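Worksheet for the structure shown next.
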Amino acid sequence: MNRVVGIETEYGCLVTGDPLHGPDAWPARVKNYLFKKAKAGVIDLHYRDYEEPPGNGGFLLNGGRLYIDMGHLEYSSPESRTVRDAVAYDIAGDMLLQSALETLGVSEEVAFIKNNVDHHTGATFGCHENYLMKRELQFSPQLLGTLLSFLATRQLFTGAGRVGQASPLAFEFEAPQPGPSVPFQLSQRADHIVNDIYQWVQFNRAIINARDEPLADYRKYRRLHLLIGDSNMSPFATALKIGTTSLILTLIEEGNIPEEVILQDSVLATRQISHEGTGRAVVPLDDGRTRPALDIQHEFLAHAKSALRGRDPETDWILEIWEFTLDALGTKPELLLGGVDWISKKWLLDTFRESEGLTWQDPWLQSLDLEYHNINPARGLFHALTPAKAIGEFNDSVRRLDAMRIPPADTRAHGRGLAVAQFQKRQLPYVINWDAISLENARHLAMPDPFDTYISQVDTLIG
């Protein structure tokens, strides 16, 4: 892949039984346990900004970060250079949180939910993707339109699925006209995306967050920060999400993009594709024609195969699973059980709905929707699925215990993880950031290159 990537995940919290075990208290309790008792990382000793005081979070032994964000526990995976690592370190966040609940003896009463919507309040919380890109790339309208088209249509295999719909009103001058109800849709985030590009994260949520914060050498790199993605329970879906997006970014950086794929309105198309609910949506292009969303994805795949096939084994594997997924979406979606979340969830809900004689409006289905995203393997509905052999083998292979405490070997997360381990052993006045480590005695290590491990420099810094 030759691209540094990472995922930020905000977790919901559900509590049953004893009211003393309220959902507002448990994110902080679990965070404190992981840093103070489980020794999974080191807590911040300094303010990061006005919303992140000392003790709010910290960096982990695996090079990632765990902290409280607006009441939610948020986990940021360490910088990874391969798809398998990116997926494994995303799942490591689930495993850390679940291990804490089990050790604390509350895994039957408290659950962390890896989803993006609160059915009761209408709130949404994010799964943000980060991709390192070359600074010299200039996003022309054609390049940007191509990227937005890919991101709007990739929900065909990255969508986590949801029961019902939301009605985002941010920055609307008129209330939306009532339309047909949406019993089930492909994406959890689609209803909450109201812009294509914008610099703020909340309220005016955009497909692409335009804030220029590379967390690396700004002369060489930019960080593409995406808000449109759902939190995936299926590791296979996460691999598709990260892998295919990385390939499209390579095409864009090389100026080698497909034609006749730019959408008339990427935000509206995102909702249309999601609301259609079966993967067969037809969307308008900017030239006035219409085209099936699945056909647009096939166009991206064909172009990527022509330009990128044979570059390295990982690229070929991504192209292979991308093609398999698109073919199955068009002919035999059941092959994707356990591999594409919205298909898996819809199959489970349809089976239950038919056996119980329920309509899509029954609140029971919203509860099951949430339980699909329970990260507890003993309770989460996703974990009860039996995927096809290849999907199941991949899903099992990236659930790695070592990813909770050992950083990736080929990025600066390695050096950061080594520093965290040293700070656990020695009482030093540290300051850790994504792109730097400092000691209060004025020793400072800049880490502007995410591809460098900085092993020797960390040893020199700490002594």
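We use all heavy atoms of the structure for the numbers below, so side chains are in, but hydrogens, waters and symmetry mates are not. Model, not experiment: these values are computed from the prediction.
Residue V282 comes nearest to T290 through the heavy atom pair CG1-CB, 3.7 Å, listed as atom of the first residue, atom of the second, then distance. When all heavy atoms of I273 and A152 are compared, the closest pair comes out as CD1-O, 3.6 Å.
A 4.5 Å side-chain heavy-atom check between S274 and Q155 finds at least one atom pair inside the cut-off. Annotation: side chain of R223 is not in contact with side chain of M133 (no heavy-atom distance under 4.5 Å). Using a 4.5 Å cut-off on side-chain heavy atoms (C-beta onward), H72 and Y11 make no contact. For the pair F451/L132, a side-chain contact is recorded, criterion being any heavy-atom separation below 4.5 Å from C-beta on. A heavy-atom distance below 4.5 Å is not found between the side chains of I207 and L147. Between L148 and I208 the shortest side-chain heavy-atom distance falls below 4.5 Å. With contacts defined as side-chain heavy-atom distances shorter than 4.5 Å, the pair D94/F112 does not qualify. Between Q297 and L301 the shortest side-chain heavy-atom distance does not fall below 4.5 Å.
Atom CZ in R189 sits 5.0 Å away from atom NE2 in H128 (nearest 0.5 Å). For the atom pair CD (E10) and CZ (F125), the distance works out to 8.0 Å, reported to the nearest 0.5 Å. The distance from atom CG of L263 to atom CG of D196, rounded to the nearest 0.5 Å, is 11.0 Å. A distance of 5.5 Å separates CG in L349 from CG in L365, rounded to the nearest 0.5 Å. To the nearest 0.5 angstrom, L137 atom CG is 14.5 Å from Y221 atom OH.
For T245, the side-chain hydrogen bond (donor to acceptor under 3.5 Å, both in side chains) partners are R154, not counting sequence neighbours. A search for ring pair (Phe, Tyr, Trp, His ring centres under 6.0 Å) contacts involving Y67 returns nothing, not counting sequence neighbours.
Judged by distance alone, the side chain of T124 and the main-chain N or O of N116 form a donor-acceptor pair under 3.5 Å. Judged purely by atom type and a 3.5 angstrom limit, S187 has no side-chain atom pairing as donor or acceptor with the backbone of G159. At distances below 3.5 Å, not a single donor-acceptor pair connects side-chain atoms of E74 with backbone N or O atoms of I68. Checking side-chain atoms of T153 against main-chain N and O of F150 turns up a donor-acceptor pair under 3.5 Å. With Q188 contributing its side chain and G161 its backbone, the two residues share a donor-acceptor pair below 3.5 Å. Between the side chain of S77 and the backbone N or O of Y89 there is no donor-acceptor pair closer than 3.5 Å. A donor-acceptor distance shorter than 3.5 angstrom exists from the side chain of R135 to the backbone of Y218, with no hydrogens or angles considered. No donor-acceptor pair under 3.5 Å is formed between the side chain of N62 and the backbone N or O of I406. In this structure a side-chain-to-backbone donor-acceptor pair under 3.5 Å is missing from N374 to I113. S149 places no side-chain N or O within donor-acceptor distance of the main-chain N or O of G145, the cut-off being under 3.5 Å.
Salt bridge status for R289 with E260: present, with a side-chain N to carboxylate O gap under 4.0 Å. Under a 4.0 Å N-O distance rule, the pair K345/D341 does not qualify as a salt bridge. Taking 4.0 Å as the cut-off between side-chain N and carboxylate O, R311 and E254 count as a salt-bridged pair. We find that D396 and R399 are not joined by a salt bridge, their nearest charged nitrogen and carboxylate oxygen being 4.0 Å or further apart. Salt bridge R84/E314: absent, no basic N to carboxylate O contact under 4.0 Å. Using a cut-off of 4.0 Å between Lys/Arg side-chain N and Asp/Glu carboxylate O, R65 and D44 are scored as salt-bridged. Using a 4.0 Å cut-off between a side-chain N of Lys or Arg and a carboxylate O of Asp or Glu, D85 and R400 qualify as a salt bridge. The existence of a salt bridge linking R280 and E276 is excluded, since no basic side-chain nitrogen approaches an acidic carboxylate oxygen closer than 4.0 Å. With respect to the salt-bridge test (charged N to carboxylate O, under 4.0 angstrom), the residues R3 and E253 qualify.
Other residues, nucleotides and ligands contribute only 12 or fewer heavy atoms inside 6.0 Å of the CD atom of E259. Atom CD of Q142 has 12 or fewer heavy atoms from other residues, nucleotides or ligands within 6.0 Å.
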Kindly indicate, with the supporting measurements, whether the criterion side chain to side chain contact (heavy atoms under 4.5 Å, CB included) is fulfilled by T250 and N256. CA-CA 9 Å; T250 297; N256 187 354; over 6 Å; no
Test side chain to side chain contact (heavy atoms under 4.5 Å, CB included) on R416 and W434; report intermediate values, then the result. CA-CA 8 Å; R416 187 186 306 116; W434 289 105; 3.6 Å; yes
Output, in order, the C-alpha distance, side-chain angles, deciding distance and verdict of side-chain hydrogen bond (donor to acceptor under 3.5 Å, both in side chains) for D362 and T359. CA-CA 6 Å; D362 196 296; T359 69; 5.7 Å; no
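Between F394 and F236, the ring-plane angle classifies as perpendicular under the 30° and 60° cut-offs.
A side-chain donor-acceptor contact under 3.5 Å links Q185 and D191.
With a 6.0 Å cutoff to the six-membered ring centre and a 45° limit on the axis angle, R412 does not count as a cation-pi contact of Y454.
Annotation: F300 is not in aromatic contact with W322 [ring centroid separation under 6.0 Å not met]. Under the 6.0 Å cut-off for aromatic ring centres, F157 and W342 do not qualify, their centroids lying 6.0 Å or more apart.
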